[in-house]
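Please read the structure below before turning to the comments.
Keep in mind that the numbers below use all heavy atoms, side chains included, and drop hydrogens, waters and symmetry copies. Throughout, protein chains are lettered first and strands after them, A, B, ... in sequence-line order, and every chain is numbered starting at 1.
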2 protein chains.
Amino acid sequence: MRNSTETTKRPRGRPRAFITDEVLDRVRTVFLKKGFAAASVDELAAAAGLNRPSLYAAFGDKEQLYIHTLRFYGQKSVEGLDAVLAGTGTIEQRLSKVYKLAIDLYTAPPHRPGCMIVGTAAVESPTHPKIAAVANELLVAIEKSLERAFAASDLSREPSPAARARMAGAIMHSIAIRARLGAKAADLRTFAASMVPVICR
Amino acid sequence: MRNSTETTKRPRGRPRAFITDEVLDRVRTVFLKKGFAAASVDELAAAAGLNRPSLYAAFGDKEQLYIHTLRFYGQKSVEGLDAVLAGTGTIEQRLSKVYKLAIDLYTAPPHRPGCMIVGTAAVESPTHPKIAAVANELLVAIEKSLERAFAASDLSREPSPAARARMAGAIMHSIAIRARLGAKAADLRTFAASMVPVICR
DNA sequence: TGTGTTTTGTGCGATACGGTACACAAATAC
DNA sequence: GTATTTGTGTACCGTATCGCACAAAACACA
């Protein structure tokens, strides 16, 4: 994981011809469309714009590359979630915005990919424990973020913040699944809109 | 799709050495553990106890075999769902039983496979439209079944039966995802128990 | 300019994969 | 009993896969 800025002194040998975050971002699109198992290293390297040996040298084998990508995607998602939930407006408004942004992302053309964790990491869980562990970390982080937002809100304590977070997370899971199976963004938006008042009751 | 009973007259040639439903059931375990892409036809044939050419002759290529298996699994699931929802007790009790049975299935050792639709079909959706279509059919059938049960109940019409069904389905999706990622059955049970009154409010 | 270090890119090797051809076996129809 | 039909099992083909070896290239440093 090297810094992409030029602030640090250059290292010894031949410089890299790529930026780590850019590679992970391009690789992500392939993993997100095809899933881990069906994505070939050739495709991944082609999408990243570099050769297989460079990929292997930089990230290790396919599983490690997937884990790097999943962490990269997950951390950015959690950061975005935190940012929206820390914004202004009522908790209902902020939660609605979270769903709106998620739906935009999950139904993005041309593939309606859904969420990388729910849509591609889950399937590998029984056969790739390391992937399962990272996916779990990320889902926990997402729920913790939601729980903090509910705890900081002025909602009643009766459904506890943790319970509300599980519920909000469940709605997100369902949106991700339905999006990947081809649901229309409009339908998902009305579904999310109908669930926000239930979660925040 | 041949009948396994001996009621019909035997067909012309050499009889099959397997029962269709048994093969689909064994194949299902492999697809459910590994997903469509990672399951090799060799494994599938070995699990089914027959050779690849027999598999191809009976079901077509790997995608068609997966679709047969998915339909087989899905139809039995929908039938089981209908049966429980048509049973006795309040709608809360019947919905609780649905979740209880689903959780038992989804967290079954040794793989905690989750649901075949959510856990393995969804990932192939962008690259295999036929799989996506079948998965959609099944999710719709599940929601219709739930909707019928809510419509026949004495719950208020304010969250419409369709809205309640979407909500109940979302909870099922989330349970399936969490189970495949390793969640404990006990945690899923408390989650489901906490959601039933919300859905049936 | 020379030396050490790291990355790049061509190319390879071993394996696993999906799918099928073909000969043999087992049953029925006549 | 012979012909016909259907399923089984071995063996095979072409391809795609992952992962790596190796030499050339591009840099820092002396």
d([atom1], [X]; [atom2], [N]) in whole Å:
X     : N      : atom1 : atom2 : value
B:Y66 : C:dG18 : OH    : P     : 15 Å
A:E63 : D:dT17 : CD    : P     : 19 Å
B:F36 : C:dG18 : CZ    : C1'   : 11 Å
B:I19 : D:dG7  : CD1   : P     : 15 Å
A:Q64 : D:dC20 : CD    : P     : 10 Å
B:D42 : C:dT20 : CG    : P     : 15 Å

- Message: Counting the atoms with a prime plus P, OP1 and OP2 as sugar-phosphate, which does A:A37 contact under 4.0 Å by heavy atoms, base, sugar-phosphate, or nothing?
- Response: nothing
- Classify the nucleic acid contact of A:A17 as base, sugar-phosphate or nothing, counting any heavy atom under 4.0 Å across all strands shown. sugar-phosphate
Side-chain donor-acceptor contacts of residues 141-148 of chain A below 3.5 Å, not counting sequence neighbours, with atom names and distances?
unit_1, atom_1, unit_2, atom_2, d
A:E143, OE2, B:R178, NH2, 2.0
A:S145, OG, A:D82, OD1, 2.5
A:R148, NH2, A:D82, OD1, 3.2

Can a side chain N or O of [X] be found less than 4.0 Å away from OP1 or OP2 on [N]?
X     : N      : value
A:Y56 : D:dC20 : no
A:R16 : C:dT7  : yes
A:S40 : D:dA16 : no

- Message: Using heavy-atom distances to pick each residue's nearest nucleotide on DNA chain C, tell me which of B:V41 and B:P15 is more 5'.
- Response: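 Final value for this comparison: B:V41.
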Taking [X] first and then [Y], would you say they form a salt bridge - that is, a charged N and a carboxylate O separated by under 4.0 Å?
X      : Y      : result
B:K34  : A:E124 : no
B:R189 : B:D104 : yes
A:D25  : A:R28  : yes

- Query: Mind checking what makes ring-ring contact (aromatic ring centres under 6.0 Å, His included) contact with B:Y66, not counting sequence neighbours?
  - Reply: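 Here the qualifying residues are B:F31, B:F36.
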- Query: Hey, does the side-chain of A:R14 have a donor or acceptor N/O within less than 3.5 Å of a partner on the base of D:dA25?
  - Reply: yes
- Task: Give me the residues of residues 43-54 of chain B where at least one heavy atom lies under 4.0 Å from an atom of DNA chain C, by number, or none.
- Result: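 Contacting residues: B:R52, B:P53.
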- Distance (rounded to the nearest 0.5 Å) between A:I171 CD1 and A:I199 CD1: 5.0 Å
- Would you kindly compare B:R12 and B:F18 by the position of their nearest DNA chain D nucleotide and give the one closer to the 5′ end?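 The answer here is B:R12.
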- Query: Hey, what's the ring geometry for A:H68 with A:F59, parallel, tilted or perpendicular (30° and 60° as the breaks)?
  - Reply: perpendicular
